[in-house]
Amino acid sequence: MQLIGETLAALRGERIVFRNVSFEVAAGEALILHGPNGSGKTTLLRVIAGLLGILTGRLRLLDDDGKPLTDDRRDQAFHFISHQDAIRPQLRVHETLRFHAGILGAPLKNLDAALDAWGLAALATQSAGFLSAGQRRRLSLARLSLQKRKLWLLDEPTIALDAQSRAQLSIMCIEHLSHGGLIVAATHEPFLGDPKSLHLGPRE
Amino acid sequence: MRTFFALIRRDVTLGIRASGGAALSAAFFALIVVLAPLGLGPDMATLKSASPGLFWIAALLATLLGLERIVQPDVEDGTLDLLRLSPLPLEFVALAKIISHWLTSGLIITILAPALAPLLNLSLDAVPVLALSLLIGTPALSAIGAAAAALGASVQRGGMVLALLALPLNIPFLIFGSTAVAQAQTNTDPTQALTLLGACSLIAVVVGSIAAATSLRLNDD
Amino acid sequence: MPVLAYANPERFARLARSLTPWLLGSAVGLLLAGLFLGLFLAPPDYQQGDAARIMYVHVPAAWMAMFVYGCMALASAVAFIWKHPLADVAAKASAPIGCIFTALALITGMLWGKPMWGAWWVWDARLTSVLILFFMYLGYIVLWNAIEDPARAVRAARILALVGAINIPIIKFSVDWWNTLHQGASVFRADGPSITGSMLIPLLVMAVAYNVLYAALLLIRMRAEIAERRLRSIRLGLEFEPK
């Protein structure tokens, strides 16, 4: 699979957040978005996810044969982990993940494995309201393990994570890339050794 | 379809556990029914003639209660984004929200109302009609409410705007519902009122789902 | 020049500016003529005497209350289907005007009700419907003011106006049904007081005057709104592109 953006510009409210942004991500590659606050990293991820329209330019998500994906297949081709975690304090950890599996259309048999992979198995019956920031982050990242999808869109994935969980995230990402997956991640920190990066906004 | 049921399951769970949820709707409904005689006086004849209207006004206000909890938080915490990326069309997302809101408000009120009927001296013959009218009519209140809530989700100062938007649209249900009960109490045939109530209710659920879905798309930008 | 050419906001604003004084002038003239005809020349009602003269203010205002909502809904539908910005501007500009006509109809209705029914307010089907319409106008205006982001407010308002328009016939029907059920023997006959020709003419003159006044106020408000939007886009550094 391949993700290509050409001379993209996008609006947030009534302001142009970025213009003339081009990039290309191929199978097995990770693109890291850098830039100061408000430079449009989150906006670009939302644009790629199709949640926001683009003002100019062209954005294409191509399958392995080089054909653009149709709308319904497109939404099934990626995971979008934003900084909004869609976690409600009234639900238990496993109920939250079960709901996310329902939205994704992911098989429920992956539920326990996902909880395990992100070190949440012991917290499964706890109310999500009692999770720490890092644990909440891991709960949203656990969506990645519910279903295999080619493209991962990650917004600040490392935020609030401890060293061990960061290492775990890196291992997951590297494994995903080695299976021909794609990653686009926005972050302020070094991530995956910054294989390929895109700078948004003015340079200091 | 799995997304649809997962959403209903989760919203009903939230509705039961959340502080502004099902229990509050039920308590509010019961409170209005209990407070009304204190305001109107204990005269049984007055209460009897006022009871159909009072029950329906109580239902109207009680269903209004849970509305700000069904869409607004989903917009704020990103759940709506995930739902928009799911294969389920937004019209069905809206329908799932209407059904879950009804299960945690209208349905409970419908079950509760017959038990409260003696407090307002509603005649025994009218009790089944009261339950039936609430069963038919309250889904419409949830539907119109969900549409208003979806529209209101783009408004920061939600609460009162919601009420102002939703209430005029609920008037037909108040009229047909309370009239049906009043007719049953005075031994008039309530079939016409109930039929009209059912017809309007069906329209409201369809239009409400579409309007709510259209409003949810407002968060596109 | 084809009509569509005026769909451009710039050109529309220019046209509106040149039309406004004429419309405003004829609205005032027609209003004065209508009031003179209605209050002095028309015969007093044989039952209600001079009190019925309030009808010349009341009835056309009630017509306008519905007519303006219809225009608003139509403009919203046009905006919804063709995404034309002028239609949104027209709908937004109409709401307060319609709301004031509705308030006028309600207040004159109450003033008329006192000598006629002996009460300031009677739950007559038409008064009730107009009251509900008033609340729907208020809801629409409140929605516009409650949303900070103008792009979002535009779309939310369209939906509300359209849903309201779908609901109005249902509400009207339910209120009429409720009213005939409860007040079968009302003082006020469903078809209203019979009207003779000498009463009809001032009524129609007033109706035309209200319509012209609506057009004039609409153009003024739309121009203000267009100017405001231009200002906003200039402030945002986006050039206002004349197409």
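Letters go in sequence order (proteins before strands), and every chain restarts at 1. Since we're looking at a predicted model, the values are computed, not measured.
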Where do Gly105(A) and Arg2(B) come nearest, in terms of heavy atoms and distance?
C-NH1, 3.7 Å

Leu83(B) and Ile103(A), any side-chain heavy atoms less than 4.5 Å apart
yes

Can you check whether Asp75(A) reaches Arg84(B) side chain to side chain, under 4.5 Å on heavy atoms?
no

Heavy-atom distances under 4.5 Å only: say whether His100(A) touches chain B with side chain, backbone, both or neither.
side chain

With a 4.5 angstrom heavy-atom cut-off, could you sort out which part of Arg92(A) is near chain B: side chain, backbone, both or neither?
both

The interface call for Ala106(A) against chain B, heavy-atom contacts under 4.5 Å, is backbone

For Ala6(B) and Gly102(A), the nearest pair of non-hydrogen atoms, with its separation, is CB-CA, 3.8 Å

Before giving the answer on side-chain contact (heavy atoms from CB on, under 4.5 Å), spell out for Asp77(B) and Ile87(A) the whole-Å C-alpha distance, their side-chain angles and the decisive distance to 0.1 Å.
CA-CA 7 Å; Asp77(B) 78 357; Ile87(A) 294 172; over 6 Å; no

Does a side-chain N-to-carboxylate-O contact under 4.0 Å join Asp11(B) and Arg88(A)?
no

Taking the side chain as every heavy atom from C-beta outward, state whether Phe99(A) and Thr13(B) have any atom pair closer than 4.5 Å.
no

Give, as side chain, backbone, both or neither, the part of Leu88(B) having an atom under 4.5 angstrom from any heavy atom of chain A.
neither

Interchain contact, Ile16(B) with chain A, by part (heavy-atom threshold 4.5 Å):
neither

Using a 4.5 angstrom heavy-atom cutoff, name the option from Arg10(B), Met1(B), Glu76(B) with the most pairs to chain A.
Arg10(B)

Does Arg19(A) have more than 12 heavy atoms from other residues, nucleotides or ligands lying within 6.0 Å of its CZ?
no

Between Arg9(B) and Arg98(A), is a side-chain contact (heavy atoms from CB on, under 4.5 Å) present by the stated rule, with each step listed?
CA-CA 10 Å; Arg9(B) 186 188 169 134; Arg98(A) 192 193 166 93; 3.1 Å; yes

Which region of Glu95(A), side chain (C-beta onward) or backbone (N, CA, C, O), has a non-hydrogen atom less than 4.5 Å from a non-hydrogen atom of chain B, or is it both or neither?
side chain

Which bit of Arg143(A) comes within less than 4.5 Å of chain B, counting heavy atoms only: side chain, backbone, both or neither?
side chain

Does CZ belonging to Phe92(B) count more than 12 external heavy atoms closer than 6.0 Å?
no

Residue from Asp81(B), Leu82(B), Leu80(B) passing side-chain contact (heavy atoms from CB on, under 4.5 Å) with Gln84(A)
Asp81(B)

